[in-house]
Protein chains: 2
Amino acid sequence: MEEQKKRILLVEDDPNFGTVLKDYLMMNDYEVTHAKNGMEGFEKFKKDDFDLCILDVMMPYKDGFTLAKEIREKNTDVPIIFLTAKTMKEDVLRGYKVGADDYLNKPFDSEVLLMKIKAIIQRKATETISDSKQFEFKIGKFDLNSKLRFLRFDAGEPVKLSPKENELLRLLALHENDLMPRELALTKIWRDDNYFTSRSMDVYIAKLRKYLKLDEKVEILNIHGEGFRLVINN
Amino acid sequence: MEEQKKRILLVEDDPNFGTVLKDYLMMNDYEVTHAKNGMEGFEKFKKDDFDLCILDVMMPYKDGFTLAKEIREKNTDVPIIFLTAKTMKEDVLRGYKVGADDYLNKPFDSEVLLMKIKAIIQRKATETISDSKQFEFKIGKFDLNSKLRFLRFDAGEPVKLSPKENELLRLLALHENDLMPRELALTKIWRDDNYFTSRSMDVYIAKLRKYLKLDEKVEILNIHGEGFRLVINN
DNA sequence: CTTCTCTTTTAACCTTACATTAACAAAAAC
DNA sequence: GTTTTTGTTAATGTAAGGTTAAAAGAGAAG
């Protein structure tokens with residue numbers, strides 16, 4: 001079976017360590033892009049699609065967490081592994097908040113890192129069955145382009161959607177006629193689950209309903225305690 | 001937000017540590033079943049549905065890895081976290097091989113464990129559940145979709161069911177024409193068995209009967225002192 | 001640095017949905 | 001005939017969701 005090499009973005013400011021790690025990963029059949037600081041890391045991230053990011057936490061100018069936040073704004077899915085110099089609890093917790101998939105304490109065992117990489121990439125691969133690269137949806141008489149973030153009714157003037165509106169509608173569309181669990185949206189879009197983010201989400205549901213009113217065949221139904229359902233009647 | 005408590009199976013042979021950890025998790029809103037060894041752990045696993053397993057590696061008779069293998073044979077999805085006494089590389093690698101989601105070295109920080117639990121359970125929630133089979137039932141002229149929680153008569157307008165109505169009808173449908181023991185519903189749905197939950201269940205039976213009246217061939221019979229029976233006459 | 005604009009969150013208030021409890025009637029068991 | 005179990009309806013309390021508006025952030029432009 002012909003298998004596409006997985007692409008890793010490695011952001012590590014220590015040139016010695018970075019180079020060694022890069023070479024090690026490449027020897028294990030990954031395609032590695034090495035950035036020497038947060039700034040550069042973000043630039044490279046924007047330019048390419050990666051299957052995984054490995055970020056050093058301690059870096060001058062822009063630390064790993066800040067970089068992760070920026071990356072998350074662009075891409076809610078890409079797995080992130082943090083490298084922390086020592087096991088500081090605050091770091092670990094902060095990492096999870098930003099949506100880390102894992103973290104490793106330096107010095108770490110390279111085989112363990114490989115295992116983690118494998119496990120994480122595999123996990124994503126199974127998750128990403130259908131929602132891989134879907135950015136255009138037909139929703140009744142609407143067209144949603146979630147890459148450009150606009151919603152067009154009946155081939156008319158497109159309305160611009162805010163990032164959150166867009167993500168939420170996209171999630172709903174991905175589950176058209178099916179349940180889109182509340183939890184899913186909260187974890188994928190808001191990455192946090194408390195009373196207020198939950199209310200925030202409800203506010204966005206209201207906004208979307210307003211947009212979608214133009215087509216009376218399209219509606220967002222609530223399933224009490226579970227989530228929402230985008231239905232298209234005919 | 002009425003959120004169903006997540007259920008954790010904790011297998012830990014050290015009674016002191018096990019009890020403390022159990023209490024800590026329960027204080028943080030998890031429902032915890034504590035097994036004192038691998039054997040017991042597997043028995044409890046078979047009996048119930050868990051959202052997460054936390055397994056101690058070092059246990060007499062049946063170690064955590066062996067238990068994990070057995071669990072994996074029953075269930076390929078449930079997340080597993082290992083607790084290892086010290087960071088032995090072989091253990092870590094072996095853990096990943098068996099399909100661990102994470103591992104923690106004792107002693108560990110309890111807050112970190114909580115974060116990991118949260119992250120892992122959220123991750124699972126993300127993976128879309130689309131086993132339509134177990135959720136759709138034909139009951140006489142009715143269609144029950146117990147994932148979307150609606151009941152439709154004769155291809156007409158669907159009626160929304162409340163969570164309890166839905167679960168109860170689903171249980172009855174699973175035992176169609178057969179006895180559905182009272183106790184089964186009480187333990188599976190209400191997870192509690194006392195005078196009042198029992199009365200509550202009767203109230204729901206009445207509700208379901210009302211819905212099902214539309215098809216005179218469908219009825220819920222009582223078997224005194226035993227339970228109920230969903231029968232479809234022809 | 002300030003202002004303007006767009007986005008998101010927080011707050012408030014109201015409605016709907018749900019589960020439980022109580023009360024009483026009916027049926028079954030003994 | 002008395003006790004226990006079940007059938008049913010209504011009342012209550014709480015939680016979740018709908019909606020709107022104001023506050024708070026964030027970024028761009030002046």
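Just so it is clear: chains get the letters A, B, ... in the order the sequence lines come, proteins before strands, and each one is counted from 1. Values below: all heavy atoms of this structure, side chains included; hydrogens, waters and symmetry mates excluded.
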Length of the [atom1]-[atom2] vector between [X] and [N], whole Å:
X: B:Trp190; N: C:dA19; atom1: CH2; atom2: C1'; result: 9 Å
X: B:Leu186; N: C:dA19; atom1: CG; atom2: P; result: 15 Å
X: B:Arg149; N: C:dA17; atom1: CZ; atom2: P; result: 11 Å
X: A:Phe196; N: D:dG25; atom1: CZ; atom2: P; result: 13 Å
X: B:Phe228; N: C:dA27; atom1: CZ; atom2: C1'; result: 13 Å
X: A:Tyr195; N: C:dA11; atom1: OH; atom2: C1'; result: 8 Å
X: A:Asn194; N: D:dA15; atom1: CG; atom2: P; result: 17 Å
X: A:Ile189; N: C:dT8; atom1: CD1; atom2: P; result: 10 Å

(request) Please confirm whether A:Phe65 and A:Phe82 have ring centers closer than 6.0 angstrom. (result) yes

(request) Mind telling me whether A:Phe153 and A:Phe142 have parallel, tilted or perpendicular rings, with 30° and 60° as the class edges? (result) tilted

Can you tell me how far [atom2] of [Y] sits from [atom1] of [X], rounded to the nearest 0.5 angstrom?
X: A:Cys53; Y: A:Ile8; atom1: SG; atom2: CD1; answer: 9.5 Å
X: A:Ile80; Y: A:Leu52; atom1: CD1; atom2: CG; answer: 9.0 Å
X: A:Met201; Y: A:Leu168; atom1: CE; atom2: CG; answer: 5.5 Å

(request) Answer yes or no: is there a donor N or O on one side and an acceptor on the other, between the side chain of A:Glu40 and the main chain of A:Lys36, under 3.5 Å? (result) yes

(message) Tell me whether the count of non-hydrogen atoms from other residues, nucleotides or ligands lying under 6.0 Å of CD in A:Glu176 goes above 12.
(response) yes

(request) Let me see the working for B:Arg149 and B:Glu165 under salt bridge (Lys or Arg N to Asp or Glu O under 4.0 Å), right down to the final yes or no. (result) CA-CA 9 Å; B:Arg149 288 211 328 246; B:Glu165 291 168 351; over 6 Å; no

(request) Test the A:Lys147-A:Phe135 pair against the cation-pi criterion, namely NZ or CZ under 6.0 angstrom from the six-membered ring centroid and within 45° of the ring axis. (result) yes

(request) Give, ordered by number, those residues of residues 162-170 of chain B having at least one heavy-atom distance below 4.0 Å to an atom of DNA chain D; if nothing qualifies, reply none. (result) none

(message) Can you pull out the residues from residues 199-223 of chain A that lie within a 4.0 Å heavy-atom distance of DNA chain D?
(response) A:Arg199, A:Asp202, A:Val203, A:Arg209, A:Lys210, A:Asn222

